[in-house]
Visitor: 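I have a structure I would like to understand better, so I am pasting it below and will then ask my questions one at a time.
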There are 4 protein chains.
Amino acid sequence: MPNGKRLTRAEQKALRPLQILEAAFEEFVKNGYAASRVEDIAERVGVTKGTVYVYFPTKEQLFEAMIQHISAPLRKVLRTSDTLKGRAAEKLQQFIELLYDHIVDDRKSRELMRFVIAEGARFPDLIDRHHEEFIAPIIGRIQEILDEGVALNEFRRKPAEFADVTMSPMLAMVIVRLIFDDRQDIDRNAFRHEHLQLVLNSLTG
Amino acid sequence: MPNGKRLTRAEQKALRPLQILEAAFEEFVKNGYAASRVEDIAERVGVTKGTVYVYFPTKEQLFEAMIQHISAPLRKVLRTSDTLKGRAAEKLQQFIELLYDHIVDDRKSRELMRFVIAEGARFPDLIDRHHEEFIAPIIGRIQEILDEGVALNEFRRKPAEFADVTMSPMLAMVIVRLIFDDRQDIDRNAFRHEHLQLVLNSLTG
Amino acid sequence: MPNGKRLTRAEQKALRPLQILEAAFEEFVKNGYAASRVEDIAERVGVTKGTVYVYFPTKEQLFEAMIQHISAPLRKVLRTSDTLKGRAAEKLQQFIELLYDHIVDDRKSRELMRFVIAEGARFPDLIDRHHEEFIAPIIGRIQEILDEGVALNEFRRKPAEFADVTMSPMLAMVIVRLIFDDRQDIDRNAFRHEHLQLVLNSLTG
Amino acid sequence: MPNGKRLTRAEQKALRPLQILEAAFEEFVKNGYAASRVEDIAERVGVTKGTVYVYFPTKEQLFEAMIQHISAPLRKVLRTSDTLKGRAAEKLQQFIELLYDHIVDDRKSRELMRFVIAEGARFPDLIDRHHEEFIAPIIGRIQEILDEGVALNEFRRKPAEFADVTMSPMLAMVIVRLIFDDRQDIDRNAFRHEHLQLVLNSLTG
DNA sequence: CATGAATGAGACTTCATTCAT
DNA sequence: CATGAATGAAGTCTCATTCAT
């Protein structure tokens, strides 16, 4: 019997930590780190406080593990950014679309940004790791594409700050969606299109 | 009449709430709302816990009063945005420079943004007021200038989202400075210049 | 000018302590000793906390002074109990009516009983004084009348406890009115009449 | 199976709330509601503050639960009042003796009365429930017996207030014992006897 | 592994009391 | 006298963490 839905006890157990991390994510999003209660996280999973402590020795380490957990998919996305194809402008467009699809549109990525802004002061290596793993690679990749475009005479040369400016509307949209939690309706496609136009226009015009 | 340092009782009293609000700002910035202690705020002023409660009945109301307090200067800035002069492009440039000078470069304004992002969920009218008082007027003013430029054939017509995109680099810079607390060095002038170029180029090119 | 209503400043000042005692009575009745706030007492008088401390050095002494103050009229009542006239039965009736009129029907006397019951444990000499000044004299006076009636063959001899029993309905009515704060309507005259009948019937029947 | 002293975890747990309620009773009796400290209640049980809050969410709810707890035996007493036997006079005598044995002589019942008088204003439904559950049924039962005696020509007809008066000495004795905490020695049996004589004499004489 | 009773440090808040003006 | 700003001890309640079962 191939066992369709039911999980074996072993599978169930292997799942526990992940369930806890997901629950932790929701609670920390809702209340922030300091105001979240381990008990509420446990309750979300349907276990008791003690169980959380079986898997994570402190609230702090649970928070850090949760951050690792939710940023894992993001890391994967960045790795796919090597496969961009075409001319520099096309690569830039593809890359920006990739970021909209997997960062701006992904709730976990957005909330990761909130944690970085809100809890960064109390978790300094959250900042450092976030910069190392996400900000720097993204800016770096954009810079590469820009350099490539310039080398091929496809783009006009731009100063170093241009890479940052290039990313700005995307970051701004993340923030706006964090703040208004989607009560504010922005036409996401129109916004992205305008963003691209602006950048490409400036590079090629 | 000597009056070197000593304040009269009356002066002291008028000062107290302001001192407390300033101290509250620092503590709330450092730890966030939930993790800040009223006692530490008091200590910063050089008084005891009880004194804080003479002026603010709860920690929550102290937080809200502090938000009002630090956003007061900002409100004043926006009111000066009527005096822009020249052609639309010049007005846009002046307005963006105004925003860089008084928002991006002002620590209180930047940290206000952090409070909005970090504590907005627990203080919903913080969000609402912030939108009403700052976001909406700023976007509105930009839109006005754009419309004016279009009407005078100075600018190319752009879709509604363009105003948001226009503001993005500025918002992004606020966020970056919040995250890296000035450890990250961005050439602020170069960045602003690139921002302006990008926007004007797209509008007039 | 004979000065009709307006008080001179001097009179006003002489009044202060009395006003405070009255206000204290109301607050202590409402909340009990522990839960009453000196500030609320002051507010009732229209002065500030500090003023209360000008006249009464501690909350405890204020409470005790208030007890003295409200029991003063009662003391006067007992002194008039010497003027009873007629035969023993008539004296007993007059005395019981006196007690109904000046104790059962007097809010201050009733509330004094509440203080004795509720705060007696924390103010032991409240109990002692109350016994000395009120309970013992009243029981004593009743006993005197009973003895007189027996001596004159007007009453049947009764055991010592009878004096206590004689007073019981009156005390019970005080308690009931304290508990129900006059929401419970007892026909006070009918009750007193039944009380008298019961006692006299037993003594003379 | 040894089981000398040690309680199992389960037994211990079932006991805890009861221990806390008993300790709460003692503290609230000693100090009144407002002046009692949760920590002292805990200490009486031999646990810490936190433990009390495991079982009772607030001091107020602890107080209310304690009231329920100590009045439970009383409720049971009233239910046994149906089994009175004999003629009306005998029933009345038995009922009054029942009340002396289980109310006047029961410390918890007496102190319940103190709570009603002292804290009733802050716990209005304490009053209401007390009236509903105790006062009204007791008065009602007395009235029934009186009516029965009248119907059988055993008693003389008496006005409605007579039931209240009938109960008075008992209530008075509760109050006196509350006030003097047994320092005042009343001959309880003689008092009760006099009470009965008085009432029966009036009904049958 | 999972439980949940128990702990105790620590937070917010209250309020009697003091004292300079 | 009267004020009211300031104090600080103390109380209620919370919650991360532990541990025996």
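Below, chain A is the first sequence line, B the second, and so on; all start at residue 1. These numbers come from a predicted model, not from an experiment.
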Visitor: So A:Asn31 and A:Glu27, do their side chains get closer than 4.5 Å, heavy atoms only?
Guide: yes

Visitor: Show every salt bridge (charged side-chain N to carboxylate O under 4.0 Å, His left out) that has at least one partner inside residues 115-125 of chain C, sequence neighbours left out.
Guide: C:Glu119-C:Arg122, C:Asp125-C:Arg129

Visitor: Write down the atom of C:Leu126, the atom of C:Phe115, and the distance for their closest heavy-atom approach.
Guide: CD2-O, 3.8 Å

Visitor: Could B:Glu111 and B:Arg114 be called an ion pair, given the rule that one side-chain N must be under 4.0 Å from one carboxylate O?
Guide: yes

Visitor: Which residues in residues 18-37 of chain D have at least one heavy atom lying under 4.0 Å from any atom of DNA chain F?
Guide: D:Ser36, D:Arg37

Visitor: Atom CD of D:Glu43 to atom C1' of F:dG11: distance rounded to whole Å?
Guide: 15 Å

Visitor: For DNA chain E, report each stem as range with range, ordered by first number, or say none. Use Watson-Crick or G-U wobble pairs under 3.5 Å, at least 3 in a row.
Guide: E:2-21 with F:2-21

Visitor: Does the ring center of A:Phe63 lie less than 6.0 Å from the ring center of A:Phe56?
Guide: no

Visitor: Counting side-chain heavy atoms from C-beta on, which of E:dA2, F:dA6, F:dA2 comes nearest to B:Arg16?
Guide: F:dA6

Visitor: E:dG8 P sits how many Å from D:Glu39 CD, rounded?
Guide: 11 Å

Visitor: In the structure I gave you, are the side-chain heavy atoms of A:Tyr55 and A:Leu21 within less than 4.5 Å of one another anywhere?
Guide: no

Visitor: With sequence neighbours excluded, tell me which residues meet salt bridge (Lys or Arg N to Asp or Glu O under 4.0 Å) with C:Arg37.
Guide: C:Glu39, C:Asp40

Visitor: Please report the distance, rounded to the nearest Å, between CD1 in C:Ile41 and P in E:dT17.
Guide: 11 Å

Visitor: Using atom types as modelled and distance alone, determine if a side-chain donor or acceptor of B:Lys59 lies under 3.5 Å from a backbone N or O of B:Ser36.
Guide: yes

Visitor: Please collect all side-chain hydrogen bond (donor to acceptor under 3.5 Å, both in side chains) contacts where either partner lies in residues 61-71 of chain C, sequence neighbours excluded, each pair once.
Guide: C:Glu22-C:His69

Visitor: Hey, can you pull the residues of residues 44-65 of chain D with a non-hydrogen atom under 4.0 angstrom from DNA chain E?
Guide: D:Val47, D:Thr48, D:Lys49, D:Gly50, D:Thr51, D:Tyr55

Visitor: Run C:Tyr33 and C:Phe123 through ring-ring contact (aromatic ring centres under 6.0 Å, His included) and show every step you take.
Guide: CA-CA 10 Å; C:Tyr33 174 75; C:Phe123 294 89; 5.0 Å; yes

